[in-house]
Amino acid sequence: MPDNTSNISTIKGLEQGRAKFAYEYADGISSGLKGKFRSHVKSFPMMVKGNGLGAAIAFLFSKKDNEMGVYKLVGDSIVGWLKEDEKYKDYEIKELSDLKSLSKGIIEIDSTHYRALTIEILAFFGWLKRFAEGLA
């Protein structure tokens with residue numbers, strides 16, 4: 001019978017990492033932007049589910065300079081999380097420095113990695129949404 005304790009601790013560690021990064025990121029948003037940030041973070045997962053990850057990221061990229069930079073903050077949270085321990089390499093994104101490189105990377109990866117990346121970003125937003133609401 002396989003030993004599942006290492007799998008469980010890996011999953012627990014990943015969840016704790018997501019939670020820690022999401023908390024620190026949401027806590028670092030300036031008080032004047034917390035309400036708008038919370039609103040955008042709450043709506044982003046539905047945008048991904050309705051339009052796909054690529055379209056949602058392209059939307060953030062197209063709006064990155066609008067609304068006092070809140071869209072950029074949402075995009076930067078994704079980039080920051082994926083850069084944490086170079087997780088983006090798990091999805092075969094060659095380079096990740098900003099929202100533009102993430103957009104480029106998404107259109108170059110295969111469908112298996114695209115789905116896995118979508119699941120990862122939605123899991124991250126589960127934590128980010130909770131903390132954005134709690135810290136607003």
Side-chain angles (χ1 to χ4, degrees):
M1 186 167 200
D3 180 18
N4 289 332
T5 56
S6 66
N7 289 342
I8 292 169
S9 62
T10 300
I11 292 169
K12 184 178 178 184
L14 182 58
E15 281 298 312
Q16 286 176 326
R18 284 184 194 127
K20 182 179 186 295
F21 186 88
Y23 178 85
E24 290 171 355
Y25 195 88
D27 194 39
I29 301 297
S30 67
S31 60
L33 295 177
K34 283 190 186 282
K36 283 191 175 279
F37 180 75
R38 179 187 69 222
S39 174
H40 291 333
V41 166
K42 286 174 67 175
S43 65
F44 186 75
M46 290 310 297
M47 187 184 305
V48 170
K49 291 174 185 175
N51 302 307
L53 180 63
I57 296 294
F59 175 79
L60 289 178
F61 181 66
S62 73
K63 302 287 188 185
K64 66 180 187 266
D65 295 327
N66 296 334
E67 290 209 32
M68 299 180 295
V70 176
Y71 289 110
K72 182 179 181 334
L73 290 172
V74 174
D76 287 350
S77 72
I78 298 167
V79 171
W81 171 242
L82 293 176
K83 285 173 70 173
E84 184 82 5
D85 295 328
E86 299 183 329
K87 288 175 181 39
Y88 66 94
K89 291 182 178 178
D90 295 342
Y91 307 103
E92 295 192 357
I93 295 174
K94 292 177 181 72
E95 178 189 342
L96 182 63
S97 57
D98 55 14
L99 204 50
K100 181 179 180 179
S101 63
L102 177 59
S103 300
K104 185 175 188 278
I106 285 174
I107 62 174
E108 294 176 345
I109 61 176
D110 62 39
S111 62
T112 302
H113 288 103
Y114 181 88
R115 283 191 299 275
L117 181 60
T118 300
I119 291 166
E120 178 60 33
I121 289 173
L122 289 174
F124 169 66
F125 267 80
W127 285 106
L128 188 60
K129 182 170 67 168
R130 289 180 194 124
F131 290 127
E133 288 174 352
L135 294 168

As a quick check of understanding, evaluate side-chain contact (heavy atoms from CB on, under 4.5 Å) for Trp127 and Glu15, giving each step before the final call.
CA-CA 9 Å; Trp127 285 106; Glu15 281 298 312; 2.6 Å; yes
How far apart are the C-alpha atoms of Val41 and Leu73, what are their side-chain angles, what is the distance that settles it, and do they pass the side-chain contact (heavy atoms from CB on, under 4.5 Å) test?
CA-CA 10 Å; Val41 166; Leu73 290 172; over 6 Å; no
Could you go through Thr118 and Tyr114, starting from their C-alpha distance and side-chain angles, then the distance that decides it, and tell me whether this counts as side-chain contact (heavy atoms from CB on, under 4.5 Å)?
CA-CA 6 Å; Thr118 300; Tyr114 181 88; 4.0 Å; yes
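Taking NZ of Lys83 as the reference point, atom OG of Ser97 lies at 6.5 Å (rounded to 0.5 Å). Here Glu84 contributes atom CD and Arg18 contributes atom CZ; the two are 12.0 Å apart, rounded to the nearest 0.5 Å. To the nearest 0.5 angstrom, Lys129 atom NZ is 8.0 Å from Lys42 atom NZ. Note that CG of Leu53 is 4.0 Å distant from CD1 of Ile106, once rounded to the nearest 0.5 Å. Going from atom CG of Leu135 over to atom CG of Asp27 covers 5.0 Å, rounded to the nearest 0.5 Å. From Met46, atom CE reaches atom CG of Asn51 across 10.0 Å, with rounding to the nearest 0.5 Å.
No side-chain heavy atom of Ile121 sits under 4.5 Å from any side-chain heavy atom of Trp81. Here the side chains of Leu122 and Lys49 are in contact, with some heavy-atom distance below 4.5 Å. Within the 4.5 Å cutoff, no side-chain heavy atoms of Leu99 are placed close to those of Ile78. Between Asp76 and Asp98, the closest side-chain pair of non-hydrogen atoms is not below 4.5 Å. Proximity of Leu82 to Asp90: side-chain heavy atoms (C-beta onward) are nowhere separated by under 4.5 Å. Phe131 is not listed as a side-chain neighbour of Ile29, based on a closest heavy-atom distance of 4.5 Å or more.
What you find for Leu128 and Ser77 is that their closest heavy atoms are CD2-OG, 3.5 Å. Between Tyr91 and Ile109, the closest heavy-atom pair is O-CG2, 3.3 Å. When every heavy atom of Val74 is checked against every heavy atom of His40, the shortest pair comes out as CG2-CB, 3.8 Å. The shortest non-hydrogen separation linking Ile93 to Tyr88 is O-CD1, 3.2 Å. For Glu133 against Arg38, the heavy-atom pair with the smallest separation is CA-CD, 3.6 Å. The shortest non-hydrogen separation linking Ser103 to Ile57 is OG-CG2, 3.4 Å.
The main-chain N or O of Phe59 is never found under 3.5 Å from a side-chain atom of Tyr71 such that the two would form a donor-acceptor pair. For Lys34 (side chain) and Ala26 (main-chain N/O), a donor-acceptor pair under 3.5 Å exists by modelled atom type.
The residues Lys87 and Glu120 are annotated as not salt-bridged, no charged nitrogen and carboxylate oxygen being separated by less than 4.0 angstrom. Under the 4.0 Å criterion applied to side-chain N and carboxylate O atoms, Glu24 and Lys20 are assigned as salt-bridge partners.
A continuous path of hydrophobic side-chain contacts links Phe61 to Phe37 [ILVMFWY only; heavy atoms under 4.5 Å].
Ring planes of Phe124 and Phe21: tilted class, angle from 30 to 60°.
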